[in-house]
Amino acid sequence: MAQTVTISEISKYNGQEVTIQGWLYNMRSSGKLRFLLVRDGSATIQCVVFKNDVSEEIFTNVDKLTQESSLRVTGKVAEDKRSPLGYELQVRDVDIVQIAEEYPISLKEHGVDFLMDHRHLWLRSRLQHAVMLVRHEVIRAAREFFDNRGFVLVDSPIFTPNAAEGTTTLFGTDYFGSKAYLTQSGQLYAEASAMAFGKVYCFGPTFRAEKSKTRRHLTEFWMIEPEAAYYDLNDDMKLAEDFVSHLVQSVVKNRRRELETLERDISKLEHIKPPFPRIHYNEAAEMVKKENPEFKVGDDFGGADETIVSEKFDKPVIIHHYPAAIKAFYMKRDPQEPQSALAMDIIAPEGYGEIIGGSQREDDYDTLLQRIKEHNLPEADFKWYLDLRKYGSVPHSGFGLGIERTVGWICGTKHVRETIPYPRLMQRIYP
RNA sequence: UCCGGCGUAGCUCAAUUGGCAGAGCGGGUGGCUGUUAACCACUAGGUUGUAGGUUCGAGUCCUACCGCCGGAGCCA
């Protein structure tokens, strides 16, 4: 009875007989030879069936195999320079678990819509598999980063009674007869958590009902949001650049093979280390104005404008001190320049757009109450949030990082929908 | 919501600007002892998104609708 092993660890068993269990990715044949490409989720290996090495029955059965049929293969691990993996399996026995029906996804080209309709199967293919492993590494490294720095995971709720920044972009649900919304950010609750634990982060799905149809948008996406008491904007920016650098370096180190599979130019990631360029909004606005005459100082940047700024640098760019008028109600204004918010965004290189938005929060009770009134927000729903400014208020800051945009940038994918297993878009909620 | 593009075989696409609906892949059958999206031969496969219109004749032109794509706005 041969030992059952995973393909990614096959090099440990060179010369030994082992069993692998997986699915048939592709088969080629040549007379008395059959080449079975078998994947098991960890990697893919070529299994060579030579007619004279197996029984007549096994050889006949192999010819019945179809793409994605499930099977167990037993054979001897052999080093082979012709194999991309470095090893192949010299087959002695094949145990067919199921003969797959005609598989919809061929090895040739398909359109995006067709592939998305078959997302549940598309995840098996090489490139999608690589992207998901990078996503896994980004999330693993993100939690590692905060855990190592004394941040506590304190998650925020997904159902919320109110709208942090207006209800038009929120998904409403019926909550036992009253209205509830799906969260668009865990931040407000993270602020409360930070007052209990000092340094916290929350990580979960967030929802935006905006009718956006671009390569950068999903209606459901994952965001990781640290929040720290006694952090000012400078502390926040330092934390953010250390964080982004750690994510990129972890992927470069631990998922290099996947980046190569994706044909990502790794040299563009290797030098992503602190410090990042930091530029004042006014400075960024001047850069944009030179190339986009329609832009007016005081406006928010559009996608193309962000790219104009990010193209000037080969690292992510931190833009800070945005005009308070275009930013959220909870952001503190700079006492030195009251028209500006203590806010910062990080724009990824190569046109991948905003991956981080953060700020120092307003910590004065009266000022915050005034902002809530100015924005016509339901005061009663924010009572608990205002409480934080009544009982030991402290300066504090935080930011949110969009997982999908970050993974998209690191992988070099064209559209964020390929960076989440089952994307939700305006026109898609299947599968 | 606005702007633009596209809907032809299971999939990816072609069809000479209005004149016999085709190819590759995938499926099926057969062949080949080292294939790398293997290759070779044969084979099955169609209400050209829907409805109407113009015309001797419409995949192609016109009108409406439906679906999809990605860009703007907004954002991570």
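In what follows, chains carry the letters A, B, and so on, assigned in the order in which the sequence lines appear, proteins first and then strands, with residues in each chain numbered from 1. As a basis for the values below, the full set of heavy atoms in this structure was taken, side chains included, without hydrogen atoms, waters or symmetry mates.
- Counting any heavy atom pair closer than 4.0 Å across all strands shown, Ile355(A) reaches sugar-phosphate atoms only and no base atom.
- As judged by a 4.0 angstrom heavy-atom cut-off over every strand, Ile356(A) is placed among residues touching the sugar-phosphate backbone only.
- Across all strands shown, rU48(B) has no partner, as no Watson-Crick or G-U wobble contact with both distances under 3.5 Å is found.
- Side-chain proximity of Thr214(A) to rA37(B), rU33(B), rA72(B): nearest is rA72(B).
- The CD-P distance, from Gln67(A) to rG28(B), rounds to 11 Å in whole Å.
- Across rU16(B) and rC20(B), the matching P atoms stand 9 Å from one another, rounded to whole Å.
- Using N1 to N3 plus N6-O4 or O6-N4 for Watson-Crick, or N1-O2 and O6-N3 for G-U wobble, each under 3.5 Å, rA72(B) pairs with rU1(B).
- Taking the ring centroids of Phe146(A) and Phe243(A), they lie under the 6.0 Å cut-off.
- A distance of about 9 Å separates the C1' atoms of rG46(B) and rU8(B), rounded to the whole Å.
- rC11(B) is paired with rG24(B) under the criterion used here, namely a Watson-Crick or G-U wobble arrangement in which both key atom distances are under 3.5 Å.
- A donor and an acceptor atom, one from each side chain of Thr307(A) and Ser310(A), are nowhere located under 3.5 Å apart.
- In this entry the distance linking CG of Leu170(A) with P of rA76(B) reads 13 Å, nearest Å.
- The residue Phe221(A) sits close to a base: some heavy atom pair falls under 4.0 Å.
- The base of rC75(B) is paired with the side chain of His217(A) by a donor and an acceptor separated by under 3.5 Å.
- rU55(B): no Watson-Crick or G-U partner with both key distances under 3.5 Å is found in any strand.
- Taking atom CD of residue Glu79(A) and atom P of nucleotide rG34(B), one finds them 22 Å apart after rounding to whole Å.
- With a cut-off of 3.5 Å on both pairing distances, rU60(B) has no Watson-Crick or G-U wobble partner at all.
- A donor-acceptor contact under 3.5 Å is not formed by the side chain of Arg428(A) with the base of rC68(B).
- In this structure, Glu88(A) reaches the bases: a heavy-atom distance under 4.0 Å links it to at least one base atom across the strands shown.
- Separating the C1' atom of rU12(B) from that of rU55(B) is a span of 33 Å, rounded to the nearest Å.
- In this structure, rC6(B) and rG67(B) make a Watson-Crick or G-U wobble pair, each of the two defining distances being under 3.5 angstrom.
- Picking from rU35(B), rC74(B), rU33(B) the nucleotide with the shortest atom distance to the side chain of Gln46(A) gives rU35(B).
- Listed nucleotides: rG34(B), rA76(B), rC75(B). Nearest to the side chain of Met223(A): rA76(B).
- Using a 4.0 Å cut-off between charged side-chain N and carboxylate O, Asp363(A) and Lys332(A) make a salt bridge.
- Using a 4.0 Å heavy-atom criterion, one finds that Gln427(A) contacts the sugar-phosphate atoms exclusively.
- Rounding to whole angstrom units, NE2 of residue His110(A) and C1' of rC69(B) are separated by 18 Å.
- You'll find that the side chain of Glu210(A) is closest to rC75(B), out of rC75(B), rU12(B), rG70(B).
- Under the Watson-Crick or G-U wobble criterion, with both distances below 3.5 Å, rA37(B) is left unpaired in every strand shown.
- Within 4.0 Å (heavy atoms only), Ser29(A) reaches at least one base atom of the nucleic acid.
- Distance from the side chain of Arg405(A) is smallest for rC75(B) among the nucleotides rG73(B), rC68(B), rC75(B).
- With both pairing distances under 3.5 Å, rU16(B) is matched to nothing as a Watson-Crick or G-U wobble pair.
- A salt bridge does not link Glu144(A) to Arg149(A): none of the charged nitrogens lies less than 4.0 Å from a carboxylate oxygen.
- Between the P atom of rA76(B) and the CD1 atom of Ile319(A) lies a distance of 13 Å, rounded to the nearest Å.
- Rounded to a whole angstrom, the distance from the C1' atom of rC39(B) to that of rU48(B) is 33 Å.
- Remark: the separation of the C1' atoms in rG45(B) and rG5(B) is 30 Å, to the nearest Å.
- Thr60(A) places a side-chain N or O within 3.5 Å of a backbone atom of Glu56(A) that can act as its donor or acceptor partner.
- Considering only side-chain N and O atoms, Arg417(A) lies under 4.0 angstrom from the phosphate OP1 or OP2 of rG70(B).
- Lys312(A) NZ: more than 12 foreign heavy atoms inside a 6.0 Å radius.
- Checked by distance alone, Ser30(A) brings no side-chain donor or acceptor within 3.5 Å of a matching partner on the base of rC39(B).
- Counting any heavy atom pair closer than 4.0 Å across all strands shown, Asp300(A) reaches sugar-phosphate atoms only and no base atom.
- Side-chain contact between Arg135(A) and Ile139(A): present, with at least one pair of heavy atoms (C-beta onward) separated by less than 4.5 Å.
- With P as the reference atom, rU50(B) and rA9(B) are 11 Å apart, rounded to whole Å.
- Checked against the 6.0 Å centroid threshold, Tyr103(A) and Tyr25(A) do not count as a close aromatic pair.
- Closest to the Lys213(A) side chain, of the nucleotides rG34(B), rU33(B), rG70(B), is rG70(B).
- On the C1' atoms, rA14(B) is 10 Å away from rG24(B), given to the nearest whole Å.
- For Lys327(A), the NZ atom counts as densely surrounded, since its 6.0 Å shell holds more than 12 non-hydrogen atoms of other residues, nucleotides or ligands.
- In terms of position along RNA chain B, the nucleotide closest to Pro104(A) lies nearer the 5' end than the nucleotide closest to the other residue of the pair Pro104(A) and Gln90(A).
- Nucleic acid contact for Arg216(A): base, since at least one base atom lies under 4.0 Å from a heavy atom of the residue.
- Shown here, rU60(B) is classed anti by the O4'-C1'-N9-C4 or O4'-C1'-N1-C2 angle, which is more than 90° from 0.
- At a threshold of 4.0 angstrom between heavy atoms, the contacts of Gly353(A) with the nucleic acid are absent.
- Under 4.0 Å is where a charged nitrogen must lie from a carboxylate oxygen, and between Asp40(A) and Arg72(A) no such pair does.
- Summarising the geometry, the separation between OH on Tyr103(A) and C1' on rG26(B) is reported as 13 Å, rounded to the nearest angstrom.
- The base of rG10(B) has none of its N or O atoms less than 3.5 Å from a complementary donor or acceptor on the side chain of Ser106(A).
- Nucleotides of RNA chain B nearest to Glu354(A) and Leu33(A) differ in position, and the one nearer the 5' end is that of Leu33(A).
- Taking atom CD of Glu306(A) as the reference point, atom C1' of rG73(B) lies 13 Å away to the nearest angstrom.
- In this structure, NZ of Lys32(A) is placed 6 Å from P of rU33(B), rounded to the nearest angstrom.
- Atom name C1', nucleotides rA44(B) and rA58(B): the rounded distance is 28 Å, in whole Å.
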